[in-house]
Amino acid sequence: MRKYYLDNLRWLIILILFPYHVLLIYSTIGSYYFNVANSVVANAFILSFAPWFMQLLFTIAGIATYYSLKKRDSSEYLKERVSKLLLPTVAGVILVIPVSVYFGYLFNGYTGSYLSLMMDHFSHPIEYLANGIILGPLWFLLYLFIVSLVALPIIMKYKNSQWRIPLEKITVPKLLLLIIPLAIGSFFLNLYPEKSLVQFFLLFLFGYFLISDDGVQQKLEDKRWPLFISFLVLTIVYLIITLPNLNSVGNDPTTATFTLSTLISLFILKLYVNSILWLGVLGVMGMGKHYLEFKNKQTLYLSAASFPIYIFHIVWINLFAYYIINWIPDQMVLQVILTMVLSFIFTIATIEVVKRIPGVRYLFGIKG
């Protein structure tokens with residue numbers, strides 16, 4: 001039986017990317033194609049979602065893999081991963097991301113042509129891959145493809161073995177202990193800026209081996225309010241501590257001296273942030289199972305369109321932000337609303353056009 005709450009959580013998380021990426025333009029957190037302000041509201045929104053919302057997608061992907069491999073063999077699963085993840089990543093890097101990069105450069109004073117900018121980027125791929133420009137938000141699709149590829153032999157070996165994880169003994173307190181390996185894993189293989197491939201791999205495995213179980217999902221639903229409230233409390237404390245220090249001088253980690261005390265402090269911080277991450281994943285899943293187990297025409301459409309929305313949304317955000325910020329300066333609220341609404345409308349319109357072009361829709365993993 002299909003679990004529609006997982007589909008609904010997936011498209012809801014992807015829709016959060018509209019305000020998230022728009023507000024990055026008004027924040028100094030991380031890096032974006034261009035920046036126009038340092039808004040406390042924007043910073044608070046980003047800090048509230050950054051620790052957990054993309055991580056939830058990897059956990060859901062692990063659960064989805066569990067159900068997928070019930071009706072597919074490993075070769076069929078790999079073919080599906082290539083068509084749904086790898087091919088759209090390559091197509092997006094060539095056809096989509098360059099346009100979003102171009103508008104970012106225009107805003108920052110670039111006066112050259114689109115063609116010359118792209119020739120420069122693709123002639124220095126390692127440099128632009130390291131700073132995240134070539135991939136943009138498509139890092140998620142590439143990471144998920146790599147994680148799926150690496151996890152598959154482990155999964156198949158487990159499926160073909162006699163030993164089984166005693167899932168009936170898995171309790172919520174035991175699940176919370178997984179914060180420790182997540183915190184440790186977050187230090188390794190940050191191939192894309194501040195995104196650990198090891199951590200996402202662990203989340204995928206936890207989704208497949210543990211949270212895919214109906215009994216475990218029921219336990220998360222039963223404990224949804226304690227988990228969700230704990231997540232909210234930790235997030236609020238995190239905001240209270242972090243927001244005033246965003247502009248503090250001397251917090252650049254690249255210039256820090258790593259003594260034993262600073263390393264311990266860093267690990268404690270990692271534990272705290274990963275506590276937000278894992279409580280967010282478990283709490284939101286518990287709430288989703290209780291309140292989002294339904295379907296209608298709109299939810300089914302958004303579920304089918306979730307990955308294409310992910311691929312195309314960034315182009316329209318950058319395009320509309322570039323023009324709207326210049327047309328109505330010093331009107332942040334209006335700029336944000338217009339950019340979000342227009343970019344969503346044009347993203348859906350783009351999907352509707354592309355899905356009617358057989359060769360092109362295949363490149364982006366869109367069904368006709």
ask   = Which pair of heavy atoms, one from L239 and one from S48, lies closest together, and at what distance?
value = CD1-OG, 3.4 Å
task = Could you check if a side-chain atom of F201 sits within less than 4.5 angstrom of a side-chain atom of L197, using non-hydrogen atoms only?
result = no
Sole candidate of Y323, F34, Y33 that passes side chain to side chain contact (heavy atoms under 4.5 Å, CB included) when paired with F107 = F34
inquiry  = Can you confirm whether D73 is buried at CG, in the sense that more than 12 heavy atoms of other residues, nucleotides or ligands lie under 6.0 Å from that atom?
reply    = yes
query = Taking only residues at least two apart or on different chains, which pairs with a member in residues 267-296 satisfy ring-ring contact (aromatic ring centres under 6.0 Å, His included)?
reply = F206-W278
query = Looking only at heavy atoms, what is the nearest atom pair of P88 and G365, with distance?
reply = CG-N, 3.9 Å
Any side-chain heavy-atom pair of L300 and Y4 under 4.5 Å = yes
inquiry  = Checking Q218 against D213: is there a side-chain donor and acceptor pair closer than 3.5 Å?
reply    = no
ask   = Got more than 12 heavy atoms from elsewhere within 6.0 Å of CZ, R164?
value = yes
query = Between the side chain of S161 and the main-chain N/O of Y158, is any donor-acceptor distance below 3.5 Å?
reply = yes
query = Are the side chain of Q199 and the backbone N or O of A183 linked by a donor-acceptor pair below 3.5 Å?
reply = no
task = Compute whether any side-chain donor of one residue and acceptor of the other, for N190 and S196, lie under 3.5 angstrom apart.
result = no
query = Below 4.5 Å, heavy atoms only, C-beta onward: do L144 and R81 meet side chain to side chain?
reply = yes
ask   = Ring centroid separation for Y102 and Y105, is it under 6.0 angstrom?
value = no
task = Determine yes or no for a side-chain-to-main-chain donor-acceptor pair under 3.5 angstrom, with S100 supplying the side chain and I97 the backbone.
result = yes
task = Answer yes if F364 and V353 sit in the same cluster of Ile, Leu, Val, Met, Phe, Trp and Tyr residues linked by side chain heavy atoms under 4.5 Å apart, and no otherwise.
result = yes
ask   = Among pairs that include at least one residue of residues 339-360, which meet salt bridge (charged side-chain N to carboxylate O under 4.0 Å, His left out), considering only residues two or more places apart or in two chains?
value = E352-K355, E352-R356
request  = May I ask you to establish whether K270 and F187 are in a cation-pi arrangement, using a distance under 6.0 Å from NZ or CZ to the six-membered ring centre and at most 45° from the ring axis?
outcome  = yes
task = Begin with the C-alpha distance, continue with both residues' side-chain angles, and end with the deciding distance and a verdict on ring-ring contact (aromatic ring centres under 6.0 Å, His included) for F53 and Y20.
result = CA-CA 11 Å; F53 81 129; Y20 188 89; 4.8 Å; yes
task = Please confirm whether W327 and F320 have ring centers closer than 6.0 angstrom.
result = no
inquiry  = Please check: side-chain N/O of N318 versus main-chain N/O of G104, any donor-acceptor pairing under 3.5 Å?
reply    = no
inquiry  = Regarding D214 and K219, does a basic nitrogen lie under 4.0 Å from an acidic carboxylate oxygen?
reply    = no
request  = Calculate, to the nearest 0.5 Å, the distance between atoms CG and CD belonging to N326 and Q335 respectively.
outcome  = 9.0 Å
ask   = Taking the six-membered ring for Trp, are the ring centroids of W316 and F344 within less than 6.0 Å of each other?
value = no
ask   = Just checking, is any N or O donor in the side chain of T262 or S265 under 3.5 Å from an acceptor N or O on the other one?
value = no
key: Salt-bridge criterion met for D7 and R10 (N-O under 4.0 Å)   = yes
ask   = Below 4.5 Å, heavy atoms only, C-beta onward: do F307 and L85 meet side chain to side chain?
value = yes
query = Taking atom CE of M156 as the centre, does the number of heavy atoms from other residues, nucleotides or ligands within less than 6.0 Å exceed 12?
reply = yes
message = Please say yes or no: joined through hydrophobic side-chain contacts below 4.5 Å, possibly via intermediate residues, are V90 and F312 part of one cluster?
response = yes
query = Got R361 and I357 here, is their nearest side-chain heavy-atom distance under 4.5 Å?
reply = no
query = Does a side-chain heavy-atom distance below 4.5 Å link I240 with I236?
reply = yes
message = So F209 and I155, do their side chains get closer than 4.5 Å, heavy atoms only?
response = yes
request  = State yes or no: are the ring centers of F204 and F58 separated by less than 6.0 Å?
outcome  = no
query = Would you find more than 12 non-hydrogen atoms of other residues, nucleotides or ligands less than 6.0 Å from Y362 atom OH?
reply = no
message = Students often mix this up, so state it plainly: with edges at 30° and 60°, are the rings of Y143 and W139 parallel, tilted or perpendicular?
response = perpendicular
task = Run the ring-centre check on F140 versus Y310 and record whether the distance is less than 6.0 Å.
result = yes
ask   = With sequence neighbours excluded, what pairs up with K289 under the salt bridge (Lys or Arg N to Asp or Glu O under 4.0 Å) test?
value = E221
key: Side-chain touch V354/P308, heavy atoms, less than 4.5 angstrom   = no
Aromatic contact, F45 with F49 (centres under 6.0 Å) = yes
